[in-house]
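Taking it in order: structure first as structure tokens, then the write-up.
The first residue of the sequence shown is numbered 1, and numbering continues consecutively from there. Predicted model only: the values in this text are computed from it and were never measured.
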Amino acid sequence: MNTIGKHKVPRYIYHITTQKNYRSILNDGLLKTTEDPFCGKGVFAIELINFFKRWKEHKDWKNSILQSDLIEQVRNFTDGLVILRIPTRNLEMDKLRIRSQNKLFSWKYEQENNIDKINDSSRGNKLIQLYNLLYNTTTERIANHITQGSPAKQSSLFTRRKEAIEYIYQDDIPVNKLEKIGEIAKDKLRYYLWLKTQNPIKNIFLELLKHNNEINGAELLK
């Protein structure tokens, strides 16, 4: 852990992307922020132990498992995955935010039925409508937390509540401030996702982390 005053943040956060995107990061010299109307703007990352322990099935997530959802968000059937380790000491702490996935997904799934009734197949328009609905159905404090995050120094508060946490860095990250620590080829990724007799997420992370100490935490995946 790193200390900010009396507060602590993880020593490392981790970003998962495709092999193609990683080549673009090397070419640009930057891990660039992304943006959409609902999730806001930033480099989105996880802390591995929190991810392994907390991003599991929850009653508010309507049987969704966020560990699987994360892989679904970044993968495709024509590319493999890369995991990047980002030391938080290399980041500007006032730009590092956190967001509770419990709050985000419990609200999101509660409202999606209303959005699905709208005759519009455009994902972008649905996200805009979700964004607008957010401010009509929650307090401003919760709405701002969902769309913008809270200061990273508050991470211990969410950890004590046993919540899943996402980290958001609000600026591009130079490539010399991160490290590629593992990857999984597309064929092996597809094989693990196809193999229904074992936990595909555990197998994916055992492969991604096989040359690193972080692999020990993957045993928390059941």
Side-chain angles (χ1 to χ4, degrees), residues 1-5 7-36 39-55 66-67 69-75 79-101 104 145 147-159 163-184 189 201 204-218 220-221:
M1 302 291 284
N2 288 334
T3 301
I4 310 173
H7 304 286
K8 293 183 178 180
V9 297
R11 181 174 297 176
Y12 302 108
I13 55 177
Y14 300 81
H15 179 78
I16 300 171
T17 190
T18 64
Q19 291 174 326
K20 179 180 179 180
N21 286 345
Y22 179 63
R23 291 191 292 271
S24 295
I25 292 168
L26 294 179
N27 288 335
D28 296 335
L30 293 171
L31 171 55
K32 294 182 177 180
T33 61
T34 57
E35 184 173 14
D36 68 41
C39 293
K41 179 181 178 180
V43 172
F44 300 95
I46 56 174
E47 191 274 315
L48 284 180
I49 296 302
N50 179 268
F51 176 79
F52 294 149
K53 292 178 67 175
R54 305 299 180 205
W55 291 51
L66 299 190
Q67 292 162 349
D69 286 355
L70 177 69
I71 297 300
E72 288 293 329
Q73 288 174 23
V74 297
R75 78 172 180 88
D79 206 357
L81 295 179
V82 168
I83 185 167
L84 304 173
R85 180 166 59 200
I86 307 168
T88 55
R89 69 176 182 274
N90 292 339
L91 304 178
E92 296 178 47
M93 282 299 107
D94 62 335
K95 295 181 180 179
L96 185 61
R97 313 283 291 180
I98 58 170
R99 174 165 55 203
S100 164
Q101 298 300 282
L104 171 64
H145 171 76
T147 58
Q148 302 173 33
S150 299
K153 64 183 182 181
Q154 295 181 13
S155 61
S156 60
L157 299 177
F158 295 93
T159 299
E163 295 192 35
I165 300 172
E166 178 179 41
Y167 287 80
I168 307 164
Y169 191 66
Q170 297 178 312
D171 202 353
D172 301 335
I173 302 176
V175 71
N176 64 355
K177 293 187 177 182
L178 50 85
E179 176 189 5
K180 173 187 168 186
I181 61 170
E183 65 184 314
I184 182 169
L189 175 63
I201 302 304
I204 288 167
F205 275 90
L206 288 174
E207 180 70 20
L208 282 171
L209 301 171
K210 63 183 179 182
H211 299 303
N212 301 276
N213 292 334
E214 286 92 339
I215 194 172
N216 297 324
L220 295 169
L221 294 165

Rounded distance [0.5 Å steps], CG in Leu81 versus CG in Leu189:
5.0 Å

When rounded to the nearest 0.5 Å, the distance separating CG of Asn21 from CG of Leu26 is 11.0 Å

Got a second to check how far Lys180's NZ is from Gln19's CD, nearest 0.5 Å?
7.0 Å

Please determine whether the number of non-hydrogen atoms from other residues, nucleotides or ligands lying under 6.0 Å from atom CG of Asn27 exceeds 12.
yes

Are Ile86 and Tyr167 packed together at the side-chain level, in the sense that at least one heavy-atom pair is separated by less than 4.5 angstrom?
no

Taking the side chain from Asp172 and the backbone from Val43, do they hold a donor-acceptor pair closer than 3.5 Å?
no

For a quick test of reading the model, state the closest non-hydrogen atom pair linking Pro87 to Lys177 and the distance between them.
CD-O, 3.5 Å

Taking only residues two or more places apart in sequence or in another chain, which ones pass side chain to side chain contact (heavy atoms under 4.5 Å, CB included) with Arg97?
Pro151, Ile168, Gln170

For Ile13 and Ala45 the tightest heavy-atom approach is CD1-CB, 3.9 Å

Quick one: does Leu48's side chain get under 4.5 Å of Leu209's, heavy atoms only?
yes

For Asn212 and Gly182, indicate whether the former's side chain and the latter's backbone hold a donor-acceptor pair under 3.5 Å.
no

Can you check whether Tyr22's main-chain N or O pairs, donor with acceptor, with Thr17's side chain at less than 3.5 Å?
no

Residue pair Glu92 / Tyr169: nearest heavy atoms and the distance that separates them
N-OH, 3.0 Å

Is there a side-chain contact between Leu91 and Met93 (heavy atoms, below 4.5 Å)?
yes

Interatomic distance, Lys153 atom NZ to Leu96 atom CG [nearest 0.5 angstrom]
12.0 Å

Where Asp79 and Lys20 come nearest, the two heavy atoms and their spacing
OD2-N, 2.7 Å

For the pair Thr18 (side chain) and Gly80 (backbone), establish whether a donor and an acceptor sit closer than 3.5 Å, ignoring hydrogens and angles.
no

Kindly compute the distance separating CD1 (Ile16) from CD1 (Ile184), expressed to the nearest 0.5 Å.
11.0 Å

Would you check if Ile98 and Gln154 make a side-chain contact, meaning some heavy-atom pair closer than 4.5 Å?
yes

Would you give the length of the straight line joining atom CG of Leu157 to atom OG of Ser100, rounded to the nearest 0.5 angstrom?
11.5 Å

Applying side-chain contact (heavy atoms from CB on, under 4.5 Å) to Ile25 and Leu84, what does each step give before you reach the verdict?
CA-CA 11 Å; Ile25 292 168; Leu84 304 173; 4.1 Å; yes

Taking the side chain as everything from C-beta on, heavy atoms only, tell me whether Gln101 gets closer than 4.5 Å to Phe158.
no

If you count heavy atoms of other groups shown closer than 6.0 angstrom to NZ of Lys53, is the number above 12?
no

Can you name the closest pair of heavy atoms from Lys210 and Ile215 and give their distance?
CA-CD1, 3.5 Å

If we ignore hydrogens and angles and just use 3.5 Å, is the side chain of His15 paired with the main-chain N or O of Phe44 as donor and acceptor?
yes

Quick check, are the ring centers of Phe51 and Tyr14 under 6.0 angstrom apart?
no

Strictly below 4.0 Å, N to O, side chains only: are Asp171 and Lys95 in salt-bridge contact?
yes

